[in-house]
Amino acid sequence: MIPSASHPVPSGTAGSPSGPDGSPDSQVPLRVLSPDGGLEGEAPDLSPTEREALYRQMSRLRAFDNRMINLQRQGRIGFYGPATGQEATTVGSAFALEAGDWIFPALREAGALLVRGYPLRKMVAQLYGNRADDALGHQMPCHYTARELRFVSMSSCIANQLPQAVGAAWAARIRGDRTVVLGYIGDGGTSEGDFHAAMNFAGVFRTPCVILCQNNRWAISVPVEKQTAVREIARKAAAYGIPGLQVDGNDVLAVVAATRAAADRARCGGGPTFIEALTYRAGPHTTSDDPTRYRASEEAGRWPDPIPRYRAFLEASGAWDEERERGLQAELEGEIDAAIEEVEAEPAPDPASLIEGVFATPPALLRDQLEEVLRPRR
Ligand SMILES: Cc1ncc(C[n+]2csc(CCOP(=O)(O)OP(=O)(O)O)c2C)c(N)n1
Ligand SMILES: [Mg+2]
């Protein structure tokens, strides 16, 4: 883990929530695997198929990220925001939910959508914004949305999604159903007023939600030390009467365990939980960013890569080997190739769709503009 004077990541096997009474005890992040993949804590109860699925989805997300960055560099898509290094946090947390739970992503949660079973082809389509895209290019790239899978589109404005997540959880509570809401936020997002509004509301109304902060140590070029003067973001939860804990976000088993416990608590009427997942944004903020301008490249190497770390754990129990790895990589390459080929064959959206989908009857001004767009150029 990355040792830093102001934001250390001590090892430990037990996540210790600071209680709703706000006890200021120092946090010990929940950890199940050692940095090299040895079992050092209590693994969550998962079947062999589920254990393998965690690995497959993390690898799928990594392969997808790598290919989408290449596509952007080749000029085939305009923009991409990878989650490299954060696969365990998103995949593990979404995996711990039930299918009927809602997910309100921040900006780096494509892994949660993959876990939900969203077709990879639709993700590629969203990035191209052509006729294969459900939103017909009306959204910015990486703003996936899947109502049928209870995955709300991310909001471009940082932290907006959190009051919405907490409100949805309140609705579930009023209706008395068993839905839990998982709302994500980044370390940078915790400086926004919406973070306060959401945390306060969740605490006061004891809404059935899990608020998960992906502390990847950077908000574009702003390091977490300049974002907040508190050493552990999880401690902020105490001020809202919410239990807060830290988890090793590069340890997929720890993330599953922490999120599952928090979701179970919420489902049983125990109220919200705040989880700070300690992770690292190993890549650029987006394809428009060059992190070499503001941080040392050695920094990333101090964080265990969550994928080989978990692979070592699977291999130690005989559940994975080199041959299976080769098979998986070939399968992923084929899946991504096929998705790109299919989407690239689609034409651009019908220009008329530019003014559809917002107003029941598009106003005259928009109709005039469309006419101008369609008028043949001289
Ligand atoms: C309200 C608002 N302010 C600024 C931005 C520009 N912006 C986009 S992403 C980002 C950083 C977010 O950092 P963090 O919450 O840590 O998430 P991460 O990118 O690390 O996943 C900023 C400042 C924005 N989208 N919305
Ligand atoms: Mg961040």
Side-chain angles (χ1 to χ4, degrees), residues 1-2 4 6-7 9 29 61-62 64-65 68-69 72 78-94 103-113 139-144 151-165 182-199 211-234 236-237 246-250 255 274-295 299-300 302-303 306:
M1 305 302 292
I2 191 164
S4 141
S6 53
H7 287 256
V9 181
L61 176 58
R62 176 71 59 90
F64 184 70
D65 275 353
M68 294 307 110
I69 289 175
Q72 195 276 340
F79 175 90
Y80 191 70
T84 314
Q86 296 176 231
E87 293 87 351
T89 298
T90 37
V91 168
S93 52
I103 296 178
F104 285 71
L107 62 157
R108 233 169 273 283
E109 281 83 20
L113 198 47
Q139 262 286 25
M140 268 194 67
C142 298
H143 288 48
Y144 316 105
F151 184 97
V152 178
S153 171
M154 72 172 249
S155 162
S156 291
C157 299
I158 295 304
N160 277 187
Q161 74 286 351
L162 222 48
Q164 296 163 9
L182 172 58
Y184 291 93
I185 182 103
D187 47 300
T190 63
S191 296
E192 288 289 337
D194 274 351
F195 174 70
H196 163 72
M199 292 287 281
I211 297 175
L212 191 146
C213 174
Q214 290 213 61
N215 178 359
N216 63 5
R217 304 190 63 83
W218 291 91
I220 312 185
S221 55
V222 178
V224 67
E225 292 83 359
K226 287 198 177 146
Q227 201 68 246
T228 174
V230 80
R231 267 163 59 107
E232 295 146 343
I233 295 174
K236 296 191 183 211
Q246 283 187 325
V247 62
D248 181 333
N250 285 15
V255 177
F274 179 80
I275 299 173
E276 177 188 5
L278 300 163
T279 182
Y280 187 77
R281 196 198 76 211
H285 175 71
T286 65
T287 45
S288 310
D289 174 44
D290 174 8
T292 62
R293 304 271 301 262
Y294 55 81
R295 69 182 190 185
E299 217 181 84
R302 286 188 242 142
W303 289 80

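Model, not experiment: these values are computed from the prediction. Atoms within a ligand are numbered from 1 in the order they appear, just like the ligands themselves.
Shown here are the side-chain contact (heavy atoms from CB on, under 4.5 Å) partners of Thr84, two or more places apart in sequence or in another chain: Arg62, Asp65, Pro82, Glu87, Ala282. A search for side chain to side chain donor-acceptor pair (under 3.5 Å) contacts involving Glu192 returns nothing, not counting sequence neighbours.
Note: Ser153 OG to Gln164 CD = 9.5 Å, rounded to the nearest 0.5 Å. Note: Ile220 CD1 to Tyr294 OH = 7.5 Å, rounded to the nearest 0.5 Å. Here the SG-CZ distance, from Cys142 to Arg108, works out to 9.0 Å after rounding to the nearest 0.5 Å. Annotation: the span from Ser93 atom OG to Ile275 atom CD1 amounts to 8.0 Å, rounded to 0.5 Å.
Protein N/O/S atoms found under 2.8 Å from the Mg ion (ligand 2), listed by chain and residue number: Asp187 OD1, Asn216 OD1, Trp218 O.
Side-chain N/O atoms of Asn250 and Thr279 include a donor and acceptor closer than 3.5 Å. Asp187 and Gln227 are not linked by any side-chain donor-acceptor pair at a separation below 3.5 angstrom, with hydrogens and angles left out of the test.
Side-chain N or O atoms of Thr287 include none that pairs as donor or acceptor with a backbone N or O of Ile69 at under 3.5 Å.
Contacts of ligand 1 (protein heavy-atom distance under 4.0 Å) are Leu107, Arg108, Ser156, Cys157, Ile158, Gly186, Asp187, Gly188, Gly189, Glu192, Asn216, Trp218, Ala219, Ile220, His285.
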